[in-house]
Amino acid sequence: MTKYGVAIVGGGIAGLTAAIYAAKAGKRTIVLEKQEQLGGRAITNKKQGVYFNLGAHALYKGEAYETFRELGLRLNGSTPSIDAYGMWKEQILPLPTNASSFIQTPLLSWGGKLELAKWFIKLRKMDTSVWNKISIRDWIETQLNDPMLRNVFYALLRTSTYVLAPELHAAGPALKQLQRALKGVLYLDKGWGTLVEELRELAVQQGVELVTGCKVAAVEHQDQKVHSILCEGGTRIEASNVILTTPPSISHKLVPHADQTALDSWTKQAIPVTVACLDIGLRKLPIHEHQFIYGLDQPIFFTHQSRDGKPRPAILSDDGTQVISLFKYQGQQTDAAKDEGELERVLDVVQPGWRNELVIRQFLPKMTVVHDFPHIKRMEDPGPAVTEIEGLYVAGDWASHGELLVDASVASAKRAVSQLLNTREEIK
Ligand SMILES: Cc1cc2nc3c(=O)[nH]c(=O)nc-3n(C[C@H](O)[C@H](O)[C@H](O)COP(=O)(O)OP(=O)(O)OC[C@H]3O[C@@H](n4cnc5c(N)ncnc54)[C@H](O)[C@@H]3O)c2cc1C
């Protein structure tokens with residue numbers, strides 16, 4: 001039987017990234033993915049010529065972007081301008097992001113505008129880690145004076161992190177993400193599926209074995225050492241190291257006696273973040289001017305990812321169909337019909353008559369954006385090693401050490417491989 005140096009459970013961005021780095025270091029590497037396709041939550045579905053991610057995805061210029069560049073990925077796409085609007089009592093008003101909107105917008109008082117300008121300047125250079133231990137709620141309520149500016153910051157921080165829990169969300173990482181958002185994000189042509197495909201190609205070039213349609217049932221260990229993976233159907237794969245990129249609750253189930261390991265506390269402390277997503281393809285837009293709209297009195301966001309103009313739009317359809325996306329950020333209780341109705345009502349305000357132009361729509365009532373995030377109740381940052389079992393590691397968006405979203409997936413994947421390489425001399 002072939003023995004692998006590294007077996008990776010899950011073929012999303014974390015799994016593929018870990019596989020590439022492990023193989024580059026000379027490890028015999030295998031990825032086991034339960035779905036028939038790779039990519040996890042980063043897949044893109046093509047429907048009637050329109051490329052729909054599982055909800056709009058923006059690549060921030062963080063750990064993931066740096067890593068993909070280091071790996072030589074093309075990352076074709078475009079960076080939208082940061083000009084944006086706020087929605088307040090069903091009115092759409094410019095946010096003061098440039099000279100003209102600064103002067104003209106009635107959204108903020110002059111005091112509020114000056115305070116915003118001061119914070120935008122300060123944020124660019126600020127060491128956000130000094131705010132790691134306090135919540136966004138505490139940061140906003142103690143640092144900002146203008147009441148409407150507080151609403152603006154709640155919306156900006158929520159949108160750049162997807163988290164609707166200001167009383168729990170650690171301010172430092174969220175402010176760092178906002179710093180990155182202000183530098184501009186990347187919308188990828190033809191969606192994040194292209195990113196998955198580029199990673200897949202690279203993994204194959206490095207000799208990684210990629211197995212889809214293989215659901216892992218257990219990670220077997222003995223004498224506190226990993227030795228194999230058992231797949232549903234009974235196939236057993238021998239491996240000296242295993243990296244789990246599955247959600248914390250699934251990782252816990254896959255490992256016998258996980259309750260005696262750190263996986264137990266990582267699972268208990270995890271707070272998943274979910275959103276309802278409405279993605280729409282329209283023949284043409286009833287109203288052209290809005291790229292981003294932030295809900296200021298409701299937790300929603302609108303983005304027109306394929307917007308015409310300069311810089312060139314991201315290519316998200318084969319025939320010029322315009323692609324817009326909306327999110328409703330969710331708390332603990334969710335109601336699919338209510339969320340869909342709310343998002344449609346926002347669209348009625350932002351793009352009146354959109355139904356007459358409809359080509360295709362996708363509604364995803366409850367997508368898990370991340371399985372955990374840096375919150376102030378966290379006892380410890382997860383991973384990379386599950387120290388009680390030699391050779392067992394975790395990665396994924398929940399195994400964050402301060403990073404957010406896909407940056408956490410990629411950074412944790414690299415941490416797992418780096419620690420694994422430093423820990424044991426394995427077979428190749
Ligand atoms: C609506 C939405 C919007 C988002 N927007 C952004 C954004 O704008 N910017 C950003 O940076 N990030 C964004 N994200 C987050 C980003 O998509 C995820 O962080 C990233 O794709 C997660 O990758 P991962 O590899 O950690 O996890 P996953 O993609 O979930 O990969 C885990 C894999 O494990 C597999 N698996 C599970 N159980 C088993 C098993 N028993 N055996 C084998 N395989 C198994 C799953 O099928 C899956 O493929 C968004 C996510 C969503 C849902």
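First listed ligand is number 1; within each ligand, the first listed atom is number 1. Counting begins at 1 with the first residue of the sequence.
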**Message:** Tell me whether Asp407 has any N or O atom under 3.5 angstrom from an N or O of ligand 1.
**Reply:** no

**Request:** Give me the ring orientation class for Phe373 and His375: parallel if the planes are under 30° apart, tilted from 30 to 60°, perpendicular past 60°.
**Result:** perpendicular

**Prompt:** Looking at ligand 1, does any of its N/O atoms fall within less than 3.5 Å of an N/O of Leu59?
**Reply:** no

**Prompt:** Using a distance-only test with no angle check, is there a side-chain donor-acceptor pair under 3.5 angstrom linking Tyr65 and Asp407?
**Reply:** no

**Request:** Examine the proximity of ligand 1 to Ala56 and report which part, side chain or backbone, both or neither, has a heavy atom under 4.0 Å away.
**Result:** backbone

**Request:** Determine whether Met379 and Trp266 make a side-chain contact, defined as any pair of heavy atoms from C-beta on separated by less than 4.5 Å.
**Result:** no

**Prompt:** Can you tell which part of Met367 has a heavy atom less than 4.0 Å from ligand 1: side chain, backbone, both or neither?
**Reply:** side chain

**Asked** Does Lys34 reach ligand 1 with a nitrogen or oxygen that is under 3.5 Å from one of the ligand's nitrogen or oxygen atoms?
**Response** yes

**Item:** Residue selection (non-hydrogen contact nearest atom 52 (C) of ligand 1) among Gln35, Lys253, His57, Lys366
**Value:** His57

**Message:** Within the supplied structure, the quantity of interest is the number of heavy atoms (other residues, nucleotides, ligands) at a distance under 6.0 Å from Arg283 CZ; does it exceed 12?
**Reply:** yes

**Message:** Within a 6.0 Å radius of atom NZ on Lys61, are there more than 12 heavy atoms belonging to other residues, nucleotides or ligands?
**Reply:** yes

**Fill in**
With heavy atoms and a 4.0 Å threshold, my read on which part of Leu32 contacts ligand 1 is backbone

**Message:** Can a side-chain donor-acceptor contact be found between Ser251 and Thr246 if the only test is distance below 3.5 angstrom?
**Reply:** yes

**Prompt:** Among the heavy atoms of Trp192, does any lie under 4.0 Å from an atom of ligand 1?
**Reply:** yes

**Prompt:** Does some non-hydrogen atom of Thr368 fall short of 4.0 Å from ligand 1?
**Reply:** yes

**Item:** Check: Asp397 N/O within less than 3.5 Å of ligand 1 N/O
**Value:** yes

**Cys214 contact mode with ligand 1 (heavy-atom cut-off under 4.0 Å)** = backbone

**Request:** Would you please indicate if the ring centroids of Phe301 and Tyr329 are separated by under 6.0 Å?
**Result:** no

**Prompt:** Counting heavy atoms only, which of Ala58, Gly12, Gly10, Ser409 comes nearest to atom 34 (O) of ligand 1?
**Reply:** Gly10

**Item:** Side-chain (Asp264) to main-chain (Gln260) donor-acceptor, under 3.5 angstrom
**Value:** no

**Prompt:** When only distance counts, is Val406 in polar contact with ligand 1, meaning an N/O pair under 3.5 Å?
**Reply:** yes

**Message:** Please report whether ligand 1 has a polar contact with Glu33, defined as an N or O pair separated by less than 3.5 Å (distance criterion only).
**Reply:** yes

**Asked** When you check the side-chain N and O atoms of Asn98 and Ser101, is any donor under 3.5 Å from an acceptor?
**Response** yes

**Request:** Identify the protein heavy atom lying closest to atom 40 (C) of ligand 1, giving its residue, its atom name and the separation to 0.1 Å.
**Result:** Val216 N, 3.7 Å

**Item:** Min heavy-atom dist Cys231 to ligand 1 below 4.0 Å
**Value:** no

